Amino acid sequence: MDSLLYYLTPNEMDPFYLFWAKQLFISVCIIGGFYLLSRLLQRVLAKVGTRLCAYTETDLDDRILEIVSGPVMVLVNCAGLYFAIKRLPLPERIGVIAAGILFVINIAIITTVAFRIVNEMLERFGDRVAGPEMSRQLMPLIEKLCTIFLIVTALIITLKHFNYDILSLVTALGVGSLAIGLAAKDTLANMISGFTLMLDRPFRIGDRIQVASQTGDVVDIGLRSTKIKALDNTFLIIPNADLCNSTVINQAFPDVRGKGRINIGIGYDCDPERAKELLVRTAKSAPDVLSEPAPEAYFMNFGDSALNLSLFFWVADYTHLVKATDQINCALVKCFQDNGVNIPYPTRTVIYEKDTDHAPQD
């Protein structure tokens, strides 16, 4: 055994071809040894890791194990290639270049594995934590931010490995970011407001909201603006910063039920209790009005020419509110006519008095 090692050990007295043959043979043996080590590590991960993952209910760890297994083999093989090249009596510049290339490859592999793990976790927990709608809007943004973070981190590590001045680069990026932020402050304000809307969720896609005098259904919530389809079929594009600084009425929250109100006046010669009964009975007969909560009628105040009553009712969906109001109004006209309840016109009595002191004399 000692004699075999003696013959295989490179010696400066050996001929040129024999010296390099021994060097290459040893390097190939190192590469082969690391390859066998990677295969062994893969088997260990497959057996031990699979058993450990079987104790958990989720299959996320199985997916992570599947993602990690292949790159681990590549990393081990790259390590073997690195040691095999490093031990060869090559010029120093060639060794540095080879080591740098392998280092970049390893960083790229690690970054790819980290990205795939983060992406898998976002896909698994996005719907559960944020909900389907929120996940659809927010997850692409989070994925992009994670991708940028991983790439920047890998770039900084790589530059640091090659002894580049990271501080000056970061300072330059900071100054550039400040200049861009000042030039595009309105756009950044809208983007931050859009991110706030996605997190705070005052409304969701499909909700009907009212902003100032505009009412419509939310079509999309973007980073810069929110798109709303108005009731007259027009398309409103409102900057997110304006939405965050405005009072927004969400008709679809906390649920889609809608409450309607009908104001009506009856004559002073009519019985308000009887009129209230007719109002409630008419509302209950409307197909789109809910029986629970039940419709309610109240005598609100004394008007100039009428007793003012208000009818309150509920519908299952706020989109049915106009239709239910039409049904009740049409039915009320006939019901009041059949029961002798009159809806008076506004009237005004003007009294003229003659001023006897200043009136012209006949």
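Only a predicted model underlies this, so the values are computations on that prediction, with no experimental measurement involved. The first residue of the sequence shown is numbered 1, and numbering continues consecutively from there.
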Between CZ on residue Arg261 and OG1 on residue Thr325, distance to nearest 0.5 Å: 12.5 Å
For the student: nearest non-hydrogen atoms of Ser193 and Ala241, plus distance: OG-CA, 3.4 Å
Val289 reachable from Leu309 in the ILVMFWY side-chain graph, under 4.5 Å edges: yes
Residues Ile264, Leu311; criterion side-chain contact (heavy atoms from CB on, under 4.5 Å); working and verdict: CA-CA 8 Å; Ile264 193 169; Leu311 172 66; over 6 Å; no
Nearest heavy-atom neighbours spanning Thr158 and Ala154: OG1-O, 2.8 Å
Verdict with supporting geometry, Met300 and Asn263, side-chain contact (heavy atoms from CB on, under 4.5 Å): CA-CA 9 Å; Met300 303 302 293; Asn263 299 319; 5.6 Å; no
OH/Tyr345: more than 12 non-hydrogen atoms of other groups inside 6.0 Å: no
Which atom of Pro344 lies closest to which atom of Ala306, heavy atoms considered: CG-CB, 3.7 Å
From CA spacing to verdict: side-chain contact (heavy atoms from CB on, under 4.5 Å), Leu307, Phe302: CA-CA 5 Å; Leu307 303 177; Phe302 295 90; 3.4 Å; yes
Heavy-atom pair of closest approach, residues Tyr318 and Gly206: OH-O, 3.5 Å
Ile30-Leu81 co-clustered via ILVMFWY side chain contacts under 4.5 Å: yes
Transitive ILVMFWY side-chain link Leu332 to Ile343, under 4.5 Å: yes
Atom pair CG/CZ of Asn342 and Phe336 - distance to nearest 0.5 Å: 9.5 Å
Other residues, nucleotides, ligands: >12 heavy atoms within 6.0 Å of Phe253 CZ: no
Same apolar cluster (I L V M F W Y, side chains within < 4.5 Å links), Val113/Leu150: no
ILVMFWY cluster, Tyr268 and Phe299 together (side-chain gap under 4.5 Å): yes
Inter-residue atom distance Ser38.OG - Asn77.CG, 0.5 Å rounding: 4.0 Å
Asn250 side chain to Pro202 backbone, donor-acceptor under 3.5 Å: yes
Leu155 CG to Ile148 CD1 distance, which is reported to the nearest 0.5 Å: 13.0 Å
Inter-residue atom distance Asn240.CG - Asn245.CG, 0.5 Å rounding: 11.0 Å
Could you give the side-chain donor-acceptor pairs of residues 104-111 under 3.5 Å, partners two or more places apart or in another chain?
from, atom 1, to, atom 2, distance (Å)
Asn106, ND2, Leu102, O, 3.3
Thr111, OG1, Ile107, O, 2.7

Heavy atoms from other residues, nucleotides or ligands near CZ of Phe149 exceed 12 (cutoff 6.0 Å): no
Non-hydrogen side-chain atoms of Asn329 and Val333 separated by less than 4.5 Å: no
Selection residues 299-308 - residue pairs positive for side chain to side chain donor-acceptor pair (under 3.5 Å), sequence neighbours left out: Asn301-Asn308
Worked verdict on Ile157 versus Thr153 for side-chain contact (heavy atoms from CB on, under 4.5 Å): CA-CA 6 Å; Ile157 293 175; Thr153 303; 4.0 Å; yes
Any side-chain heavy-atom pair of Lys323 and Val315 under 4.5 Å: no
Atom of Ile328, atom of Ala286 and distance for their closest heavy-atom approach: CG1-CB, 4.0 Å
Backbone of Ile209 reached by a side-chain donor or acceptor of Asp207 within 3.5 Å: no
Separation of Leu37 CG from Met73 CE (nearest 0.5 Å): 10.0 Å
Heavy-atom side-chain proximity of Val76 to Arg39 below 4.5 angstrom: no
Arg208: which of Leu231, Ile228, Val256, Ile249 passes side-chain contact (heavy atoms from CB on, under 4.5 Å): Leu231
Taking every non-hydrogen atom, the tightest pair across Val219 and Ile205: O-CG2, 3.5 Å
More than 12 heavy atoms from other groups under 6.0 Å of OH on Tyr35: no
Could you tabulate the donor-acceptor pairs under 3.5 Å formed by side-chain atoms of residues 271-282, not counting sequence neighbours?
from, atom 1, to, atom 2, distance (Å)
Asp271, OD1, Glu273, N, 3.2
Arg274, NH2, Asn339, OD1, 2.8
Thr282, OG1, Leu278, O, 2.7

